J.: 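Pasting a structure below so you can have a look.
Sequence lines set the chain letters: A, B, ... in the order given, protein chains first and strands last, and positions in each chain run from 1. This is a predicted model, so every value here is computed, not measured.
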Amino acid sequence: MKLKNKMSIEILSLPENVALARVTVAAFAAQLDFTLEDLEEIKVAVSEAVSNSLIHGYASKTDCMVGINAVIYDNDVLEVEIKDNGVGIADIQQAMQPAYSTTPERMGLGFSFMQSFMDSVQVDSAPGQGTTVKLTKKPSKTVDKQDN
Amino acid sequence: MKLKNKMSIEILSLPENVALARVTVAAFAAQLDFTLEDLEEIKVAVSEAVSNSLIHGYASKTDCMVGINAVIYDNDVLEVEIKDNGVGIADIQQAMQPAYSTTPERMGLGFSFMQSFMDSVQVDSAPGQGTTVKLTKKPSKTVDKQDN
Amino acid sequence: IGEIRRFLRDDNPVKVSRSVKETANKINRAREKLSASLGRDPTISEIAKEVGMEREEIVNAMEASQLPTSIYETLYQ
Ligand SMILES: Nc1ncnc2c1ncn2[C@@H]1O[C@H](COP(=O)(O)OP(=O)(O)O)[C@@H](O)[C@H]1O
Ligand SMILES: Nc1ncnc2c1ncn2[C@@H]1O[C@H](COP(=O)(O)OP(=O)(O)O)[C@@H](O)[C@H]1O
Ligand SMILES: [Mg+2]
Ligand SMILES: [Mg+2]
């Protein structure tokens, strides 16, 4: 698949940068024909992934970096990769289960949100190797495009 | 000066990414106590610098990268660096003169806007070496902070 | 209905849809109100508190509500 546009952003692992990451990805995604609701969903998914990197990956240390790569492909698919070099995940399947969390006071719904708001969620992680979450979403066909 | 926050973004040299760059930098700058007018000025300055990289640095080639580093220092100074690996500038002083442009149909006011909207503008460039423009701006003190 | 939607779409791309304009109006009203009470231009954090939005989202809304033909450059005119 050919690439139509790409950007990457690196942020320091500070909580206030979650909003920055989410707004940047939404501004990039807005180059595609997403609805405002789609864009809100993308923002939630990106927030969840970046928050996970800060809270779990880096155990809230604030001097680490999170990288986000976003690509728009020829077929109008948006792909967003969120990458940390944190502790990593031992059992990815378990981590992705609804309501599973290693932090007692958390709800364990981050991955569930990502899965319901995006077309696909792919996690690449291993203990000590950091975590990469790859999200994709394609705008649903609009009225105009159906030619009626 | 100690660093309080930093981020960097890399964009493909496509015209539609100028808006992405300026909104990202403004969203980052919003962590400081700027007014909306300040943020608009920062957006204009960033737009001008990124546009210059696209139009002049890369002669409108769309497969090159522009990098933007933004830092917030302890003393609340925002520093934004816009960097391309394009053709570079032979005579920086001349290039920065109001109404000077190497492109006949352009107004030659980009650097003038940057200078009037930011506290400082520093250009590092040489033919074949690319161009880095460093902009700084600090929020003006608000009444509250002056403690009266 | 299809025709109306098409008309709305053509005239109002997603970036300047009605809800985006409403948000921008809300922000502008907060800005005016605070200017009057503070006697100076409010900061982004003061506006954020007034409208109950995050600073970054305000930046995003202001950018999105801008018409394509705005003050931005000189670029590609
Ligand atoms: N980037 C990451 N680095 C390390 N562990 C992670 C990361 N992302 C998710 N996890 C693990 O997956 C679990 C589930 O994540 P999530 O569904 O977002 O729920 P929550 O964040 O509420 O715990 C987390 O509790 C954590 O153990
Ligand atoms: N990134 C850059 N790479 C190469 N040349 C540049 C760059 N930025 C500015 N210049 C040179 O400086 C001149 C003045 O820039 P500017 O004040 O923005 O005016 P304009 O863009 O309207 O020409 C340009 O015409 C160009 O020759
Ligand atoms: Mg989570
Ligand atoms: Mg210019």
J.: Around atom CD of B:Gln93, are there more than 12 heavy atoms of other residues, nucleotides or ligands at under 6.0 Å?
T.: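 No - once you tally the heavy atoms of other residues, nucleotides and ligands closer than 6.0 Å, there are 12 at most.
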J.: So which of B:Asn5, B:Ile11, B:Asn69 has the biggest tally of heavy-atom pairs under 4.5 Å with chain A?
T.: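 Sorted descending by pairs with chain A, the first entry is B:Asn5.
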J.: Work out which heavy atom in B:Gln31 is nearest to a heavy atom in A:Asn17; give both atom names and the distance.
T.: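 Closest heavy-atom pair between B:Gln31 and A:Asn17: NE2-OD1, 3.0 Å.
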J.: In the structure I gave you, are the side-chain heavy atoms of B:Val23 and A:Thr24 within less than 4.5 Å of one another anywhere?
T.: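 They are not in contact (no side-chain heavy atoms under 4.5 Å apart), so the answer is no.
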J.: Measure across A:Ile9 and B:Met7 and return the closest heavy-atom pair with its distance rounded to 0.1 Å.
T.: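 Shortest heavy-atom contact: CD1-SD, 4.0 Å.
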J.: Relative to chain B, which segment of A:Leu14 carries a heavy atom at a distance below 4.5 Å: side chain, backbone, both, or neither?
T.: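 Only the side chain of A:Leu14 comes within 4.5 Å of chain B.
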J.: Does NZ in B:Lys4 sit with more than 12 non-hydrogen atoms of other residues, nucleotides or ligands closer than 6.0 Å?
T.: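 Yes - once you tally the heavy atoms of other residues, nucleotides and ligands closer than 6.0 Å, there are more than 12.
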J.: Around atom NZ of B:Lys6, are there more than 12 heavy atoms of other residues, nucleotides or ligands at under 6.0 Å?
T.: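 Atom NZ in B:Lys6 is not crowded, with 12 or fewer foreign heavy atoms closer than 6.0 Å.
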J.: Where on B:Glu16 is there a heavy atom nearer than 4.5 Å to chain A: the side chain, the backbone, both, or neither?
T.: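 Both parts, backbone and side chain.
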